[in-house]
K.L.:
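Below is one structure. I have some questions about it.
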Amino acid sequence: MSYLLPHLHSGWAVDQCILSEEERVVVIRFGHDWDDTCIQMDEVLASVAEKIKNFAVIYVVDISEVPDFNTMYELYDPCTVMFFFRNKHIMIDLGTGNNNKINWALKDKQEFIDIVETVYRGARKGRGLVISPKDYSTKYRY
């Protein structure tokens, strides 16, 4: 499904998409197109892209093709989703302890729309950290 989403093929292209977008949240999925987790996430991203186009834009970056951000953003997970607004990284408190990114595949489309909407509303108010509408600290039932 990643072929439905715009790909960024260089570090410069990633920087430009973050810098140039003034009114919408930039959602970037870092990972590999062939990875199972990324494939699941890309399905959700592609299906919601049209619904959230007024307040968010989604891009995909292959971390082996563009390794520039791997150490800066600690991209060690197979799939990572990060949010930017007006050239600023927006952190989101998901209850997992890692406020920088989403590093698992969300399966529910509405859940992802809610997260992006929360990021957009918080970022418009100047907040650098927003609280997720759902607590993911109990994501795994042990």
Side-chain angles (χ1 to χ4, degrees), residues 1-140:
M1 292 298 277
S2 70
Y3 57 87
L4 296 173
L5 297 165
H7 282 66
L8 302 172
H9 299 286
S10 68
W12 183 82
V14 174
D15 286 339
Q16 288 307 305
C17 85
I18 293 170
L19 283 167
S20 63
E21 194 58 62
E22 283 292 319
E23 294 303 316
R24 297 185 291 178
V25 172
V26 177
V27 181
I28 301 181
R29 194 275 289 152
F30 294 96
H32 300 286
D33 292 344
W34 46 263
D35 186 76
D36 290 338
T37 311
C38 286
I39 291 170
Q40 286 180 338
M41 193 67 197
D42 288 348
E43 284 182 30
V44 172
L45 293 173
S47 63
V48 302
E50 186 64 27
K51 293 177 185 144
I52 64 173
K53 69 178 181 188
N54 291 334
F55 57 91
V57 59
I58 300 171
Y59 294 102
V60 173
V61 176
D62 190 316
I63 56 176
S64 52
E65 184 184 353
V66 186
D68 308 22
F69 304 99
N70 292 1
T71 52
M72 185 189 333
Y73 294 137
E74 299 175 0
L75 304 174
Y76 308 126
D77 303 298
C79 181
T80 301
V81 175
M82 298 180 77
F83 305 95
F84 300 89
F85 186 73
R86 293 187 181 151
N87 196 24
K88 186 177 174 193
H89 174 223
I90 305 298
M91 296 187 292
I92 179 162
D93 184 359
L94 300 154
T96 59
N98 183 354
N99 294 341
N100 296 321
K101 56 198 170 205
I102 297 174
N103 53 6
W104 68 90
L106 287 166
K107 293 170 181 65
D108 187 1
K109 297 170 189 170
Q110 189 56 50
E111 234 173 78
F112 186 74
I113 293 171
D114 293 346
I115 288 173
V116 175
E117 197 173 341
T118 303
V119 168
Y120 176 71
R121 287 181 179 172
R124 292 257 327 195
K125 293 177 184 171
R127 297 193 176 116
L129 173 67
V130 296
I131 310 296
S132 167
K134 181 180 173 189
D135 184 14
Y136 291 93
S137 61
T138 57
K139 182 175 72 145
Y140 298 112

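The first residue of the sequence shown is numbered 1, and numbering continues consecutively from there. As a basis for the values below, the full set of heavy atoms in this structure was taken, side chains included, without hydrogen atoms, waters or symmetry mates. As the structure is a prediction and not an experimental result, all values here were calculated from the model.
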K.L.:
Main chain of Tyr120, side chain of Lys125: is a donor-acceptor contact present, judged purely on distance under 3.5 Å?
P.N.:
no
K.L.:
State the CZ-CZ distance between Arg121 and Arg127, to the nearest 0.5 angstrom.
P.N.:
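Taking CZ in Arg121 and CZ in Arg127, the distance rounds to 11.5 Å.
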K.L.:
Can you confirm whether more than 12 heavy atoms, excluding those of Asn70, are under 6.0 Å from its CG atom?
P.N.:
yes
K.L.:
Working to the nearest 0.5 Å, report the span between CZ of Phe83 and OG1 of Thr118.
P.N.:
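Between Phe83 CZ and Thr118 OG1, I get 9.5 Å after rounding to 0.5 Å.
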K.L.:
So, taking the atom named CD in Glu21 and the one named OH in Tyr59, what distance separates them when rounded to the nearest 0.5 Å?
P.N.:
6.5 Å
K.L.:
Are any side-chain N or O atoms of His32 and backbone N or O atoms of Ile63, one a donor and one an acceptor, separated by less than 3.5 Å?
P.N.:
no
K.L.:
Do the side chains of Val60 and Leu8 get nearer than 4.5 Å, heavy atoms only?
P.N.:
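No, side chains not in contact.
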K.L.:
In terms of side-chain heavy atoms, does Gln40 have a donor or acceptor partner in Asp36 at a distance below 3.5 Å?
P.N.:
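There is no such pair between these side chains.
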K.L.:
Do Ser137 and Asp135 get their side chains close enough for a donor-acceptor pair, meaning under 3.5 Å?
P.N.:
yes
K.L.:
Return the minimal non-hydrogen interatomic distance between Val26 and Cys17, and the atom names on each side.
P.N.:
CG2-O, 3.7 Å
K.L.:
Which pair of heavy atoms, one from Val130 and one from Gly122, lies closest together, and at what distance?
P.N.:
CG1-CA, 3.6 Å
K.L.:
Looking at every heavy atom in both Val14 and Ile28, which two are closest together, and how far apart are they?
P.N.:
CG1-CD1, 4.0 Å
K.L.:
Any side-chain heavy atom of Ile90 sitting closer than 4.5 Å to one from Val25?
P.N.:
no
K.L.:
Would you compute the distance between atom CG of Leu94 and atom CG of Asn103 and round it to the nearest 0.5 angstrom?
P.N.:
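That separation rounds to 8.5 Å.
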K.L.:
Are any side-chain N or O atoms of Lys101 and backbone N or O atoms of Tyr73, one a donor and one an acceptor, separated by less than 3.5 Å?
P.N.:
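Judged by distance alone, yes, a pair lies under 3.5 Å.
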K.L.:
Taking Asp42 first and then Arg29, would you say they form a salt bridge - that is, a charged N and a carboxylate O separated by under 4.0 Å?
P.N.:
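Answer for the salt bridge query: yes.
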K.L.:
Hey, what do you get for CD (Glu50) to CG (Leu4), rounding to the nearest 0.5 Å?
P.N.:
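Atom-to-atom, Glu50:CD and Leu4:CG are 11.5 Å apart.
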K.L.:
Of all the heavy-atom pairs spanning Pro6 and Ile58, show the shortest one and how long it is.
P.N.:
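Closest approach of Pro6 to Ile58, heavy atoms only: CG-O, 3.2 Å.
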K.L.:
Say you draw a straight line from CG of Leu5 to CD of Glu43; how long is it, rounded to the nearest 0.5 Å?
P.N.:
11.0 Å
K.L.:
Give a yes or no answer on whether the side chain of Asp77 reaches the backbone of Cys79 with a donor-acceptor pair at less than 3.5 Å.
P.N.:
no
K.L.:
When you check the gap from the basic side-chain N to the acidic O, do Arg124 and Glu23 get nearer than 4.0 Å?
P.N.:
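Counted as a salt bridge, because a side-chain N and a carboxylate O are separated by less than 4.0 Å.
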K.L.:
Within the distance-only criterion (no hydrogens, no angle test), does the side chain of Arg24 pair as donor or acceptor with the backbone N or O of Val57 below 3.5 angstrom?
P.N.:
no
K.L.:
Looking only at non-hydrogen atoms, find the nearest pair between Val66 and Gly11 and report the distance.
P.N.:
CG1-N, 3.5 Å
K.L.:
Can you confirm whether the side chains of His9 and Asp62 place a donor and an acceptor under 3.5 Å from each other?
P.N.:
no
